[in-house]
Novice: 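Before anything else, here's the structure in question.
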There are 2 protein chains.
Amino acid sequence: MTVTLADVAARARVSPATVSRVLNGNYPVAASTRERVLRAVEELDYVLNGPASSLAAATSDLVGVLVNDIADPFFGIMASAAQSAIGEGGSGRAGGEKLAVVCNTGGSPERELTYLTLLQRQRAAAVILMGGSLEDPEHLAATAAKLARMAEAGTRVVLCGRPPVPGDAHLAALVFDNRAGGRRLTEHLLGLGHARIGYVAGPADRTTTRHRLEGHREALAAAGVAEGPTVHGSYDRAAGHAAVAELLAREPELTAIVAANDTVALGVCAALRERGLSIPGDVSVAGFDDLPFSVDAVPALTTVHLPLHESGVRAGRLAMGTEDAPPTGTETIPGALVVRDSTGAPRA
Amino acid sequence: MTVTLADVAARARVSPATVSRVLNGNYPVAASTRERVLRAVEELDYVLNGPASSLAAATSDLVGVLVNDIADPFFGIMASAAQSAIGEGGSGRAGGEKLAVVCNTGGSPERELTYLTLLQRQRAAAVILMGGSLEDPEHLAATAAKLARMAEAGTRVVLCGRPPVPGDAHLAALVFDNRAGGRRLTEHLLGLGHARIGYVAGPADRTTTRHRLEGHREALAAAGVAEGPTVHGSYDRAAGHAAVAELLAREPELTAIVAANDTVALGVCAALRERGLSIPGDVSVAGFDDLPFSVDAVPALTTVHLPLHESGVRAGRLAMGTEDAPPTGTETIPGALVVRDSTGAPRA
DNA sequence: GCGACGATAGAAAGCGCTTTCTGTCGCAGA
DNA sequence: TCTGCGACAGAAAGCGCTTTCTATCGTCGC
């Protein structure tokens, strides 16, 4: 039926062992023999049986990349970068590259766990978890335990944009300094003279949401400015759009709005415009992440630039073992304030 | 070392065969036995060995989703939709769901083939190819041959947003009517009175690019209007931004620009603004796809709406076998013209 | 009360590869 | 000329699961 390694061996008049060695290239094989085998592979159009190979070798070429929302460019960019780093990373076993696969958890803890189990089943070579996680203690513990078990079984685990919890402490982690970014953004607004600042936060109980919000509050506290209204929502445009009405209802004198991220900021801008408010004339708006479209937005978005691509690449390299993990395990990646046109001094 | 099925069997005082049957739930097992086994699984924290399972059963739970650019929401939305349909689709073998994994080809034919081989190695249950392909005859033939072989080996193959080539004729395919969409868009512009229309196309030799462009030309021809300048580039914002200068150089009297897609359109708008041209006052701009950000763009983009989410879901169901393939194999999905603020009548 | 049948469960033969353990052969060194 | 070693290749033992083929047992029909 299907062509097996034994068929190739027969055709090349060598033993299956030799064929395997040629294919995996990790054992000396005479050039002439190698060529004979390769020719047979070619002629028979042989494709290695992955499961059989993984079973015998007790590892696979799979690298899992878990993201919260694949339709969000924030994750798309990081995942894409990681995937290219993994591909470039040279050959895995079986003469091939690693198969980087991205799994969309939709931010659901259950799906995250399901995917981890599936990857564990497949004896994945590595797994990268991207993006903040839910801060539910039970979930965190379950995930940490599973990751620990996978790591123990030889799977390399990398966190990217996700802070390690105590149980994860030994894993390689790249974390964005969301708190400092949030602080800087608000300081910028404060510096312009804003004193009534609304905040559209992401889903409560998410690490990213909390850190950004904390940074915001730190800046406010340091400046002795009272906190404005805050509303929580998802990380999409609709959330930003919907939040404006509530923010304005709670604080009609608002002169600035900080959004959970750039996508949310876009929704905020749209809602503001619908109400006839100009940006930044009437209300300044700031985002976070600096996604590709942010520079083209009208007005161009003031935001915090995160090196998404670079981080994704590094995560990929860490997963491949091409790059050493940061000494302490965790590395904090700073964001850079990017001031554009969507923020300005409040009207006197 | 690791817990195996035999360990579970020993603990539950049954044979390995019974444990397997409990886990796969496709054979009658007495309730009491089943429960004993399940308890042992629980206590031992057993995780099925995927490769071993796939090897013995000759199939796996993997479903591959190939996309051209994972960082592009166009693909993100479809992939996400497909993935959820696949997840919802109930249990695969081994009491688990299918593992939908998305693979980023970056539009490269080589990587596409590499991923297909890897998926073939893994004996994937299904594979979905999303997005247009390169129109290189050699590549097309190689891909078609590989897909045919995979289909023959039991892998379900689905095309989504990608026209089947002769060799693919038997595969289930969902294809967007890019030609009609392109035609309608240009008809809209023509109807407004535009007669000098520039076109920013995607990469040449891509099916999507060609079909959209052909639709554009059809409309022009039908109206007896001369074709304006066309420039080719990638499907990103930078391409749109860069194209404007050339378009304007070749036809200074331009009153409208059609972009390859919404992302490109955004770049076009930005470049136009930088030159002090107003939209649609000086130049009308139209996109394609209707991505989420398009409605928030300023001005809101006139575009062709493609049911990305719905198509992704259907592709997922086709891959799961939950939904029947269209009778002829290929189904054409129409796009809907959405007129917003970025197009208007040209200045007299 | 006997043979038969349905419901369960076990035995065992692989699935297709990797890899350790053994050779075999040719040649350098003594 | 003989020993020893390096280079290469084969034999064979699994890897951990699925599944067919069998065996057992309680029960039902007559």
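Proteins get letters first, then strands, A, B, ... in listed order; numbering begins at 1 in each. Keep in mind it's a predicted model, so treat the numbers as computed, not measured.
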Novice: Write down the protein N/O and nucleotide N/O pairs, taken from nucleotides 5-7 of chain C, whose separation is under 3.5 Å; answer none if there are no such pairs.
Specialist:
none

Novice: For A:Gln122, enumerate each residue passing the side-chain hydrogen bond (donor to acceptor under 3.5 Å, both in side chains) test, keeping only those at least two apart in sequence or located in another chain.
Specialist: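 A:Gln122 satisfies side-chain hydrogen bond (donor to acceptor under 3.5 Å, both in side chains) with no other residue.
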
Novice: Would you say A:Thr18 reaches D:dA9's phosphate, i.e. side-chain N/O to OP1/OP2 under 4.0 Å?
Specialist: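 A:Thr18 to D:dA9 OP1/OP2: no side-chain N or O under 4.0 Å.
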
Novice: Suppose we screen for side chain to side chain contact (heavy atoms under 4.5 Å, CB included). Which residues come up paired with B:Glu135, at least two apart in sequence or across chains?
Specialist: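 So B:Glu135 forms a side chain to side chain contact (heavy atoms under 4.5 Å, CB included) with B:Thr207, B:Arg210.
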
Novice: Reckon B:Val29 touches a base, only the sugar-phosphate, or nothing at all at heavy-atom distances under 4.0 Å?
Specialist: sugar-phosphate

Novice: Report which part of the nucleic acid B:Val14 touches: base, sugar-phosphate, or nothing (heavy-atom distance under 4.0 Å, all strands).
Specialist: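 Since only primed, P, OP1 and OP2 atoms lie under 4.0 Å of B:Val14, the category is sugar-phosphate.
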
Novice: So how far off straight is the helix from C:dG1-D:dC30 to C:dA30-D:dT1, going by the axes through five pairs at either end, to 10°?
Specialist: 30°

Novice: Taking protein heavy atoms under 4.0 Å as touching, what does nucleotides 20-27 of chain D look like 5' to 3' if B marks base contact, S marks sugar-phosphate-only contact and - marks none?
Specialist: B-------

Novice: With sequence neighbours excluded, tell me which residues meet side-chain hydrogen bond (donor to acceptor under 3.5 Å, both in side chains) with A:Thr155.
Specialist: none

Novice: Within the 3.5 Å criterion, strictly below it, is a donor on B:Ser15 or B:Thr18 matched to an acceptor on the partner's side chain?
Specialist: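 Side-chain D/A pair, B:Ser15 to B:Thr18: present.
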
Novice: Mind checking side-chain hydrogen bond (donor to acceptor under 3.5 Å, both in side chains) for B:Ser133 and listing every partner two or more places apart, or none if nothing turns up?
Specialist: none

Novice: Mind checking side chain to side chain contact (heavy atoms under 4.5 Å, CB included) for A:Leu38 and listing every partner two or more places apart, or none if nothing turns up?
Specialist: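 For A:Leu38, the residues satisfying side chain to side chain contact (heavy atoms under 4.5 Å, CB included) (neighbours in sequence not counted) are A:Val22, A:Arg34.
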
Novice: Under 4.0 Å between a side-chain N or O of B:Asn49 and OP1 or OP2 of D:dC15?
Specialist: no

Novice: What residues, two or more places apart in sequence or in another chain, satisfy salt bridge (charged side-chain N to carboxylate O under 4.0 Å, His left out) together with B:Arg149?
Specialist: A:Asp45

Novice: Remember a base hit wins even if backbone is also touched, and classify A:Thr4 as base, sugar-phosphate or nothing at under 4.0 Å, heavy atoms.
Specialist: sugar-phosphate

Novice: Would you please name every residue forming a side chain to side chain contact (heavy atoms under 4.5 Å, CB included) with A:Val165, sequence neighbours left out?
Specialist: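 Side chain to side chain contact (heavy atoms under 4.5 Å, CB included) list for A:Val165, sorted by chain: A:Leu140, A:Ala144, A:Asp168.
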
Novice: Who passes side-chain hydrogen bond (donor to acceptor under 3.5 Å, both in side chains) against B:Arg162, sequence neighbours left out?
Specialist: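 B:Arg162: side-chain hydrogen bond (donor to acceptor under 3.5 Å, both in side chains) contacts with B:Glu112.
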
Novice: According to a strict under-4.0 Å criterion, is A:Ser54 in side-chain N/O contact with OP1 or OP2 of C:dC17?
Specialist: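 Answer no for this pair, as no side-chain N or O of A:Ser54 is under 4.0 Å from OP1 or OP2.
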
Novice: For B:Glu43, which residues count as a salt bridge (charged side-chain N to carboxylate O under 4.0 Å, His left out) partner, sequence neighbours excluded?
Specialist: B:Arg11

